[in-house]
Every structure is written in structure tokens, then in C-alpha cells.
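Here's the structure, in C-alpha cells; my notes come after.
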Amino acid sequence: MIEKAQVLLVGCGGVGAIAALNLEVGGHAAVTAVLRSNWSKVISDGFHIKSCDHGEVQNWRPTKGANHEIIFTIKSNQFEVVNSIPSQSEACFDYVVITTKNVPDCPPTIADLIEPAIVPGNTVIVLIQNGLNIEKPFLQKYPTNICLSGVSLIGSHETAPAFIKHEDSDRLTIGAFTNPHVQQEEGDASAHRFIKMYSAAGKTNCTFTSDVPFHRWQKLVYNACFNPVCAITGLDTGRIRLAEDTVATLLRPAMQEVVAAAKAVGVVLPLGIEDRMINIDPVTMYLRPSMLEDVQKGNLVEFETLVGEPLREGLSRGVLMPTLSFLYHTLKAMQWRLKEERGIIDIPAKGEYPQNI
């Protein structure tokens with residue numbers, strides 16, 4: 001019998017649910033899923049998944065499930081309830097896999113939230129998230145732990161609580177972030193172990209990379225440009241391409257700036273990558289990037305890691321980035337509005353604030 005790795009998976013939306021399913025179906029992992037908005041629906045009915053890789057999966061649950069305050073364990077249809085996030089005294093986790101959106105400007109951070117589950121030097125942290133420099137808070141807080149990068153290409157969305165529509169096959173690239181306190185060989189070996197576990201069911205294309213920065217910068221050519229342009233204009237990717245000169249004046253210049261910033265930090269991206277990313281999907285897919293959906297739902301957006309970090313990396317090395325600067329500061333203002341709408345920040349009443357700001 002295979003001894004299953006114990007996996008804590010944080011964030012079980014479109015990407016996380018498919019990740020949990022891959023890990024469990026392969027038979028090499030038992031997943032404890034940290035659930036949020038879909039928690040009560042998963043308790044009552046499980047996940048309903050329509051997947052191009054797995055087919056239709058009804059009433060499915062990971063081995064265990066939790067929200068940020070309550071944990072339940074499924075045992076003969078009975079739920080064991082406790083009032084804390086699982087800690088290493090309750091369950092020894094080999095991996096903590098994070099698939100949430102990354103909003104570092106709205107604490108507490110995920111790095112802080114997962115602390116009860118981390119054993120220094122032992123627990124492997126896997127970041128299946130978009131953006132740049134996302135590993136830094138984890139390496140600072142857990143310097144002796146291996147931290148893996150997961151760059152995911154997947155068309156999977158949660159269309160309603162616990163309803164997952166997975167239309168584009170799961171492709172996941174795994175590698176180890178550079179950590180001065182951990183030998184690179186150890187990180188690479190850990191990445192290969194995770195790939196074997198994740199791929200065991202034969203339902204996904206999970207591959208290794210020794211060049212994590214390349215894959216992260218390459219995806220940013222799309223994510224740092226299409227996401228903000230769509231979120232700000234309210235147009236999907238197809239309409240952006242149909243809308244007069246939007247590609248020429250906003251999208252392509254932003255992509256060229258990301259490519260130049262990548263080159264400034266030593267990452268040379270393929271020639272013509274801008275055209276490839278602009279045309280990566282058919283126009284008539286009318287794809288709505290996650291940032292556009294978040295803005296329209298009133299959710300906070302992950303603009304700091306997608307736009308702010310490549311912008312700061314480029315500007316600090318003398319790269320001119322006027323388009324990305326505009327996109328970043330526009331998103332920053334929109335985020336402020338979203339925080340006010342959600343009650344995260346308060347504004348002064350009339351007459352309580354100096355006028356000469």
C-alpha cells in the first residue's frame with residue numbers, strides 16, 4: 001500500500017479544486033482543503049466538476065475540508081468539527097499547496113495564515129499562483145523550508161459555489177524557488193517528488209523546470225497586460241482585440257515593457273512573444289480574465305504581484321514603463337474603491353479632512 005503524502009491545500013476554487021482532484025485521484029496524496037465561500041455547499045453536496053481531463057465528477061470531496069475557522073473531517077458521513085486551522089499537532093502535513101489569489105496589500109497574508117501548519121525545515125510550500133516575487137514573504141518567514149513555484153495554464157472556473165467548469169487541460173510547471181538556506185539540489189528533488197505525486201493519475205501535464213524566473217516572466221507578458229487592460233476597460237480579451245486601436249496603444253506597449261523589464265533582470269523571452277500572447281486565444285472566445293471578473297464582482301484584485309512587481313523590477317533598472325505605470329496606478333485607485341466598498345477602509349465624513357491635499 002502506498003503511504004500517502006498529507007497535503008494541506010489552501011483555496012479550492014477553479015484551480016484548487018482541480019489540483020485537489022488530481023492529487024487525490026492519483027492515490028499518492030490525502031488532501032485537506034481549506035475552503036472559504038464554497039464551504040457550506042461542499043459540506044452539503046460536495047463539488048460538482050465538469051472537466052475536460054476527468055469527465056463529470058459529482059458530489060466529490062477531498063479527504064478532509066476546512067474553512068479558515070472550522071475544520072470538518074468526512075468519516076462515514078459524519079463531520080468532526082474543531083475551531084482552528086489545522087496545525088502540525090493535529091495533522092502532520094508534508095505539503096502546503098496554495099492556489100488562492102494573491103492580495104498582499106490586504107493583510108493578513110497567506111504566509112501568516114498558514115503558520116500553524118508549517119514545521120520549520122520540513123513542510124514543503126507549493127505556490128500555484130500567478131505573479132512575480134510571490135515567494136519572498138514565505139522565504140522570509142520560513143527560511144529553512146523548500147518553496148516550490150507552480151505556473152498553471154488551465155481553463156477552470158468556479159461558476160457557482162462548488163460548481164467547477166474545467167474546459168482547458170491542466171498544464172502545470174513546477175520548479176524550486178532559489179533559497180539561500182536550502183541547497184538547490186534539495187529543492188529540485190522536492191519538485192520532482194511533487195510532480196510524480198501530482199501526475200500519478202495520468203490526467204495532467206505536470207513538468208519540471210530549473211528556470212523558474214523564465215516561466216513566471218513569460219506568463220506575465222499575458223497576465224500583467226491583458227488582465228489590467230480588461231479590468232480597467234470592462235472589455236473581454238476578444239473585444240479588446242476588436243476595439244479600434246486598443247491593442248496598438250495599450251496592450252502591445254505594455255507587453256513590450258514587460259519583455260524589456262524581464263531582459264533587464266536577465267530573463268530573455270522568445271522573440272515575438274507579444275504576438276503569440278495577443279493571439280493565444282481565438283477572438284470569439286471572448287475570454288474574461290480573472291481580474292475583470294473580480295472587479296465586476298466587487299472582489300479585490302491581485303494587481304501588486306501581477307503588475308506592481310514587474311513594474312518595480314523594471315523601473316529600478318532604468319527601464320521606461322509608461323504604459324504599465326498607468327495601468328498599475330489606475331488599478332491601485334480601483335483597489336482603494338473596492339476596499340472602501342467592502343468596508344476594509346473608512347473615509348472621513350464631510351468637513352473632517354483638510355481641503356489642501
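The chain is numbered in sequence order, starting from 1.
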Margin query: side chain to side chain contact (heavy atoms under 4.5 Å, CB included) for I49 and L21? Distances and angles first, verdict last.
Written below: CA-CA 10 Å; I49 300 172; L21 184 59; 4.0 Å; yes
Notebook entry, point to check: In Å, rounded to the nearest 0.5 Å, how long is the span from CG of N205 to OH of Y198?
Noted result: 10.5 Å
Item checked: Donor-acceptor side-chain pairing of E56 and Q58 below 3.5 angstrom -> yes
Check: What's the shortest heavy-atom distance between A261 and M321, and which atoms?
Finding: CB-CE, 3.8 Å
Check: Ion pair present between K332 and D105, side-chain N to carboxylate O less than 4.0 angstrom?
Finding: no
Next item on the list: Could you tell me the separation between the CG atom of D168 and the CG atom of L287, rounded to the nearest 0.5 Å?
Entry: 9.5 Å
Notebook entry, point to check: Can you check whether I98 reaches I114 side chain to side chain, under 4.5 Å on heavy atoms?
Noted result: yes
Next item on the list: Decide, yes or no, whether a salt bridge links E167 with K165 under the criterion of side-chain N to carboxylate O below 4.0 Å.
Entry: yes
Item checked: L153 reachable from Y222 in the ILVMFWY side-chain graph, under 4.5 Å edges -> no
Note to self: Side chains of D94 and V7, heavy atoms from C-beta outward: is any pair under 4.5 Å?
What the structure shows: no
Notebook entry, point to check: Q6 side chain to F93 main-chain N or O, any donor-acceptor pair under 3.5 Å?
Noted result: no
Check: Is there a path of hydrophobic side-chain contacts, each under 4.5 Å between heavy atoms of I, L, V, M, F, W or Y residues, that connects W60 with I164?
Finding: yes
Checklist line | Sole candidate of L23, I154, T99 that passes side chain to side chain contact (heavy atoms under 4.5 Å, CB included) when paired with I18 | finding: I154
Next item on the list: Take Q184 and F177 through the test side chain to side chain contact (heavy atoms under 4.5 Å, CB included) and record every step on the way to the result.
Entry: CA-CA 8 Å; Q184 189 63 41; F177 286 110; over 6 Å; no
Check: Can you tell me if E257 uses its side chain to pair, donor with acceptor, with the backbone of T323 under 3.5 Å?
Finding: yes
Next item on the list: Return the orientation label for the H166 and H54 ring planes: parallel under 30°, perpendicular over 60°, tilted otherwise.
Entry: tilted
Check: For Y95 and A5, which heavy atoms make the closest approach, and how far apart are they?
Finding: CE1-CB, 4.0 Å
Notebook entry, point to check: When clusters are formed by joining ILVMFWY residues with side-chain heavy atoms under 4.5 Å apart, either directly or through shared neighbours, do L242 and L292 land in the same one?
Noted result: no
Margin query: Does either side chain, that of T204 or that of R171, offer a donor lying less than 3.5 Å from an acceptor on the other one?
Written below: no
Margin query: With side chain to side chain contact (heavy atoms under 4.5 Å, CB included) as the criterion, how do N299 and R342 come out once you've worked through the C-alpha distance, each side chain's angles and the decisive distance to 0.1 Å?
Written below: CA-CA 8 Å; N299 295 334; R342 296 184 62 164; 4.0 Å; yes
Check: Can you tell me how far CD of E302 sits from CE of M291, rounded to the nearest 0.5 angstrom?
Finding: 6.5 Å
Check: Using a distance-only test with no angle check, is there a side-chain donor-acceptor pair under 3.5 angstrom linking H181 and T144?
Finding: no
Notebook entry, point to check: Which atom names give the shortest non-hydrogen contact between L235 and A243, and what distance separates them?
Noted result: CD1-CB, 4.1 Å
Item checked: E244, CD: over 12 other non-hydrogen atoms inside 6.0 angstrom -> no
Next item on the list: Measure the spacing between CG of L306 and CG of L324 and express it to the nearest 0.5 Å.
Entry: 10.5 Å
Margin query: With no hydrogens and no angle check, just 3.5 Å: does a side-chain donor-acceptor pair link K219 and N130?
Written below: yes
Item checked: Minimum side-chain heavy-atom gap E309-L220 below 4.5 Å -> no
Item checked: CA sep, side-chain torsions, deciding dist, call: H215, S149, side chain to side chain contact (heavy atoms under 4.5 Å, CB included) -> CA-CA 10 Å; H215 289 275; S149 164; over 6 Å; no
Notebook entry, point to check: For the side chain of N133 and the backbone of T305, is there at least one donor-acceptor N/O pair under 3.5 Å apart?
Noted result: no
Checklist line | V96 reachable from V151 in the ILVMFWY side-chain graph, under 4.5 Å edges | finding: no
Checklist line | D236/R239 salt bridge by N-O under 4.0 Å criterion | finding: yes
Notebook entry, point to check: Are the side chain of D112 and the backbone of P108 linked by a donor-acceptor contact shorter than 3.5 Å?
Noted result: no
Next item on the list: Taking the side chain as every heavy atom from C-beta outward, state whether T207 and I174 have any pair of such atoms under 4.5 Å apart.
Entry: no
Next item on the list: Give a yes or no on whether the backbone of V301 and the side-chain of Q335 come within a donor-acceptor separation of less than 3.5 Å.
Entry: yes
Notebook entry, point to check: Is a side-chain N or O of S199 found less than 3.5 angstrom from the main chain of K196, in a donor-acceptor match?
Noted result: no
Checklist line | Over all atoms of both residues, closest heavy-atom pair of A111 and F138 | finding: CA-CE2, 3.6 Å
Margin query: Ignoring hydrogens, what is the shortest heavy-atom contact between P289 and F226? Give both atom names and the distance.
Written below: CG-O, 4.4 Å
Checklist line | Under 3.5 Å donor-acceptor, R241 side chain and T237 backbone | finding: no
Margin query: Is it the case that atom NZ in K263 sees more than 12 heavy atoms from other parts of the structure closer than 6.0 Å?
Written below: no
Margin query: Less than 4.0 angstrom from a charged side-chain N to a carboxylate O is my criterion; do E304 and R312 meet it?
Written below: yes
Item checked: Crowding at CD1, I280 (>12 non-hydrogen neighbours, <6.0 Å) -> yes
Note to self: Any heavy-atom pair between the side chains of I134 and R216 that's under 4.5 Å?
What the structure shows: yes
Next item on the list: With the side chain counted from C-beta on, respond yes when P213 and V265 share a heavy-atom pair under 4.5 Å apart, and no when they do not.
Entry: no
Check: Is I125 linked to V103 within one hydrophobic cluster, defined over Ile, Leu, Val, Met, Phe, Trp and Tyr using a side-chain heavy-atom separation of less than 4.5 Å?
Finding: no
Next item on the list: Compare all side-chain heavy atoms of K4 with those of H28 and state whether any distance is below 4.5 angstrom.
Entry: no
Item checked: Separation of L127 CG from E135 CD (nearest 0.5 Å) -> 8.0 Å
Item checked: Donor on one side chain, acceptor on other, N22 and D170, under 3.5 Å -> yes
Margin query: Less than 3.5 Å apart, any donor N or O on the side chain of T123 or N145 sitting next to an acceptor on the other?
Written below: no
Next item on the list: May I ask you to decide if A162's main-chain N or O and E158's side chain share a donor-acceptor pair within less than 3.5 Å?
Entry: yes
Next item on the list: Decide, yes or no, whether a salt bridge links E340 with R337 under the criterion of side-chain N to carboxylate O below 4.0 Å.
Entry: no
Checklist line | Min side-chain heavy-atom separation T209-F214 under 4.5 Å | finding: no
Check: Roughly how far, to the nearest 0.5 Å, is the CH2 atom of W336 from the CD1 atom of I344?
Finding: 12.0 Å
Next item on the list: Determine the minimum heavy-atom distance between A176 and A191, stating which atoms define it.
Entry: N-CB, 4.5 Å
